[in-house]
Amino acid sequence: MSTVHRRLLTGNKAMAEAIAQEMERDENVFVMGEDVGAYGGIFGSAEGLHQRFGAERVRDTPISETAFIGAAIGAAAEGMRPIVELMFVDFFGVCMDQIYNHMAKIHYMSGGNVKLPMVLMTAVGGGYSDAAQHSQTLYATFAHMPGLKVVAPATPYDLKGMMVSAIRDDNPVIFMFHKTLQGLGWMDQLDYSVGHVPEEEYTVPLGKANVVREGKDVTIVGIQMTMHHAVEAANQLAVEGIEAEVIDLRSLVPLDKETILNSVRKTHRLLVVDEDYRSYGMTAEIAAIVAEEALYDLEDPILRLAVPDVPIPYSRPLEQAIVPGVKEIRKAVEQLVRH
Amino acid sequence: MSIPLEKLKWMYETMVKIRLYEETMVQVYMEGKNPVFNIGAGTVPGEMHLAAGQEPAAVGIGAHLRKEDTVTAPHRPHHNAIAKGVDLNRMTAEIFGKETGLGKGKGGHMHLFDTDVKFSCGGIVAAGIPHAVGAALAAKMKGKDWVAVAFIGEGAANAGAFHESLNLAAVWKLPLIVVVEDNSYGISVPKAVSTAVPFNAERASAYGIAGYYVRNNDPVEMYRVSEDAVKRARLGEGPALIEIETYRYLGHFQGDPEVYRGRDEVPALREKDPIVRVKSLLVEEGVAQGELNAMETRARRAVDEAYQFARESAYPHPGAALEDVFDLSAQ
Ligand SMILES: Cc1ncc(C[n+]2csc(CCOP(=O)(O)OP(=O)(O)O)c2C)c(N)n1
Ligand SMILES: [Mg+2]
């Protein structure tokens with residue numbers, strides 16, 4: 001009889017392990033950001049790295065995002081492989097010129113001559129009353145700009161495997177990790193923020209969606225928290241006899257159209273769920289692709305669930321009213337299937 | 001002593017009120033977060049940055065400000081707000097996420113806006129400084145002698161917005177005063193690790209403006225240099241930069257494991273408590289114990305009333321989440 005060895009790690013430890021293994025492997029890899037040193041990153045993304053690799057390779061920065069994110073670009077152009085942390089994605093505003101006009105465009109503007117092998121890792125997401133300037137996901141804001149790979153893993157296994165891929169990628173990668181999926185002791189304790197993570201290095205490709213639950217009646221596309229909510233909703237719907245297929249998008253750019261289209265061709269119904277704003281967002285992009293390429297496979301209009309176009313409010317009942325959860329997904333699917 | 005007794009009394013009572021407010025919040029914040037701490041749970045969810053120990057910065061300059069003067073503050077705003085005279089009931093209700101709050105529960109503790117006393121704050125480091133520049137510009141354009149004060153932490157003095165704002169206010173000679181509260185840390189990062197010069201006040205010379213450094217969390221010295229800076233700003237002599245060495249008794253936020261400082265650091269800081277120092281000054285000036293007690297009682301009552309008001313207020317209706325994105329009043 002064989003025993004299955006399960007090595008359980010939280011999301012943050014999985015990420016930090018990927019970074020540590022890549023730092024061992026390649027001396028050009030280094031980390032910088034606010035509180036990534038002794039503190040290990042406010043959301044634990046750099047846990048233990050400073051103790052292991054020292055202050056030269058794991059650098060606490062001043063609160064100077066333009067300077068240190070710009071410096072990551074400059075160092076990457078010199079062949080270093082910086083991993084730079086923007087503590088909350090919401091702080092992008094102070095350094096967006098570096099990200100939008102430089103990190104994203106230099107490769108193209110140089111005719112492919114300048115490579116920027118860098119990772120910008122950043123915490124996203126709300127649901128814990130951190131209000132309008134600390135709760136956004138902003139997936140679409142980054143995915144909109146050509147030249148950036150944008151990934152958003154949802155499980156410890158993918159956090160590790162996709163971080164390794166991101167570090168090894170010669171393109172600039174925005175690596176979004178969801179605060180609630182880091183498995184931190186001071187946040188909501190969710191079962192899916194802990195999972196099996198092999199100790200040895202492995203990669204999970206950037207740009208591949210994952211069918212996390214198979215079903216024949218409806219396709220639900222989600223990302224990070226909305227994917228986990230979709231799985232829970234699907235499990236409840238199964239009791240009512242509705243079998244939903246759930247796709248974890250994992251990567252916004254490159255976008256795995258094929259996995260989505262194949263699923264819709266099978267189920268003939270689509271619901272897209274996002275924790276980002278509704279207009280001009282991920283839900284609109286996927287709905288448009290399916291309308292363009294699989295319209296005649298659909299039996300019903302596409303449904304979208306996302307944050308209505310309002311900033312994230314602080315008060316708990318207000319925030320709960322606008323962030324799509326299990327209940328809203330379930331209702332939307334019932335509407336789709338039983339109309 | 002270089003400070004009118006009435007001002008010193010106001011500073012004392014306000015410091016006591018701030019301290020009681022923050023100490024009460026330490027307790028209230030933990031309601032519903034026991035035995036397992038969960039930042040999103042309880043009476044007051046979300047991040048909570050408290051300013052116990054940092055009262056001197058707020059009251060030292062606050063004693064010179066009027067209702068028409070503008071104050072912007074960062075993520076650690078309660079002391080600045082209380083010293084500016086923000087409605088304590090509505091501020092507390094906002095922090096509780098209630099519909100009677102300053103922002104009807106939409107803003108929360110980092111996003112308090114009280115237009116009556118021209119106070120605002122925000123969660124993006126250094127972002128309030130340019131807003132104060134704009135308030136100072138408006139005062140100048142309107143021909144008023146109002147001033148604008150931007151409070152920031154020492155960590156914010158490394159943000160581009162700090163330097164751009166000082167330069168802009170200097171070339172336009174605006175009535176702006178930036179107050180840097182140097183509590184030694186930006187979250188876990190010590191000032192010496194993040195900042196190229198030991199004193200941010202020295203950076204004033206880079207913009208040709210007045211720079212002041214206040215040592216030892218001293219409220220009286222803060223009062224004195226603020227008097228100078230505010231007077232000059234009102235007379236149209238341009239901006240100033242004041243840095244005060246201050247102490248953060250609590251974690252960066254409530255729940256901070258504080259792995260970056262020794263266990264004996266805060267007790268040593270508390271030995272030099274500024275409230276105790278001001279109280280003994282008042283005693284030296286002959287203020288009777290009875291009057292001191294009355295001030296403390298008034299402060300306690302204001303704080304208790306604010307928390308009670310917040311508790312008894314209702315949560316907003318969920319549908320309210322969709323309102324206030326745009327101003328529709330003209331339509
Ligand atoms: C632009 C931006 N970067 C980073 C942060 C995260 N952050 C919040 S408070 C803080 C430290 C601020 O330090 P300091 O200015 O000294 O103020 P203190 O907290 O000590 O009062 C940081 C890095 C932020 N809110 N905004
Ligand atoms: Mg500080």
Side-chain angles (χ1 to χ4, degrees), chain A residues 33-42 50-51 55 59-68 70 87-88 90-95 97-98 126-135 179-180 184-190 307-323, chain B residues 33 36-41 44-47 75 94-99 101 103-111 122-127 153 155-162 186-190 193-196 252-253 255-257 259-260 315-325:
Chain A
E34 290 153 17
D35 304 279
V36 297
Y39 204 103
I42 295 299
H50 183 264
Q51 290 79 351
R59 296 179 162 260
D60 270 331
T61 60
I63 308 171
S64 311
E65 287 88 357
T66 292
F68 70 77
M87 189 189 293
F88 286 69
D90 312 67
F91 308 158
F92 75 113
V94 295
C95 49
D97 176 62
Q98 292 299 330
Y128 62 101
S129 289
D130 216 357
Q133 299 176 340
H134 287 75
S135 300
K179 289 163 231 170
T180 315
L184 301 169
W186 48 275
M187 297 197 75
D188 224 357
Q189 301 296 304
L190 304 172
V307 176
D309 295 324
V310 301
I312 314 287
Y314 163 72
S315 184
R316 192 181 290 127
L318 298 183
E319 186 180 21
Q320 282 174 358
I322 57 114
V323 177
Chain B
K33 294 189 182 70
V36 184
F37 185 90
N38 175 353
I39 190 170
V44 175
E47 288 181 66
H75 56 284
E94 185 60 29
I95 296 169
F96 277 56
K98 299 296 182 74
E99 68 177 357
K104 306 177 202 161
K106 288 182 170 128
H109 131 87
M110 281 189 276
H111 316 100
I124 307 296
V125 165
N158 297 313
F162 171 81
I187 310 188
S188 72
V189 181
V193 173
S194 67
T195 312
H252 171 73
F253 46 75
D256 178 358
V259 292
Y260 49 85
Y315 282 105
H317 182 266
L322 302 180
E323 297 164 2
D324 296 320
V325 179

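Values reported hereafter were calculated over all heavy atoms of this structure, with side chains retained and with hydrogens, waters and symmetry mates removed. Just so it is clear, the structure is predicted and the values come from calculations on it, not from any experiment. All chains are named by letter (A, B, ...) in the order of the sequence lines, taking the proteins before the strands, and each is independently numbered beginning at 1.
Of the atoms belonging to A:Leu184, not a single heavy atom falls under 4.5 Å from chain B. Only the backbone of B:Phe96 has a heavy atom closer than 4.5 Å to any heavy atom of chain A. Residue B:Lys33 does not touch chain A at all, counting heavy-atom pairs closer than 4.5 Å. Heavy atoms closer than 4.5 Å to chain B are found in the side chain of A:Pro311, but not in its backbone. Residue B:His252: no heavy atom, backbone or side chain, is found under 4.5 Å from chain A.
Here the straight-line distance linking atom CD1 of A:Ile312 with atom NZ of B:Lys106 works out to 13.0 Å at 0.5 Å rounding. A distance of 6.0 Å separates CD1 of B:Ile124 from CG of A:Asp90, quoted to the nearest 0.5 Å. Atom CG of A:Asp60 and atom OH of B:Tyr260 lie 12.0 Å apart (nearest 0.5 Å). To the nearest 0.5 Å, atom CG of residue A:Asp188 and atom CD1 of residue B:Ile39 are 11.0 Å apart. Rounding to the nearest 0.5 angstrom, the gap separating the CD atom in A:Gln133 from the NE2 atom in B:His75 is 12.0 Å.
In plain terms, the two heavy atoms of A:Leu318 and B:Ala321 that are nearest each other are CD2-N, 3.6 Å. The two residues B:Gly123 and A:Phe91 have their closest heavy-atom pair at O-CE2, 4.3 Å. A:Ala131 and B:Gly107 make their closest contact through CB-O, 3.4 Å (heavy atoms, listed as atom of the first residue, atom of the second, distance). Closest non-hydrogen pair, A:Asp130 versus B:Met110, comes out as OD1-CE, 3.5 Å. Closest heavy-atom contact between A:Ser315 and B:Pro316: OG-CD, 3.7 Å. Closest approach of B:Glu94 and A:Tyr314 over heavy atoms only: O-CE2, 3.4 Å.
Within the 4.5 Å cutoff, no side-chain heavy atoms of A:Glu34 are placed close to those of B:Val189.
Side-chain polar atoms of A:Ser64 and B:Asn158 form no donor-acceptor pair below 3.5 angstrom.
The most heavy-atom pairs under 4.5 Å with chain A, out of B:Ile187, B:Val325, B:Leu322, come from B:Ile187. Comparing A:Val310, A:Val94, A:Ile63, A:Thr61 by heavy-atom pairs within less than 4.5 Å of chain B, the highest count is held by A:Ile63. In terms of heavy-atom pairs under 4.5 angstrom with chain A, the leader among B:Gly97, B:Gly101, B:Ala41 is B:Gly97. Of the residues considered (B:Pro318, B:Ser188, B:Ala126), B:Ser188 shows the highest number of contacts with chain A, using heavy-atom pairs under 4.5 Å.
Ring-plane geometry between B:Phe253 and A:Tyr39 is classed as perpendicular, the angle between the planes exceeding 60 degrees on a 0 to 90 degree scale with a lower cut at 30.
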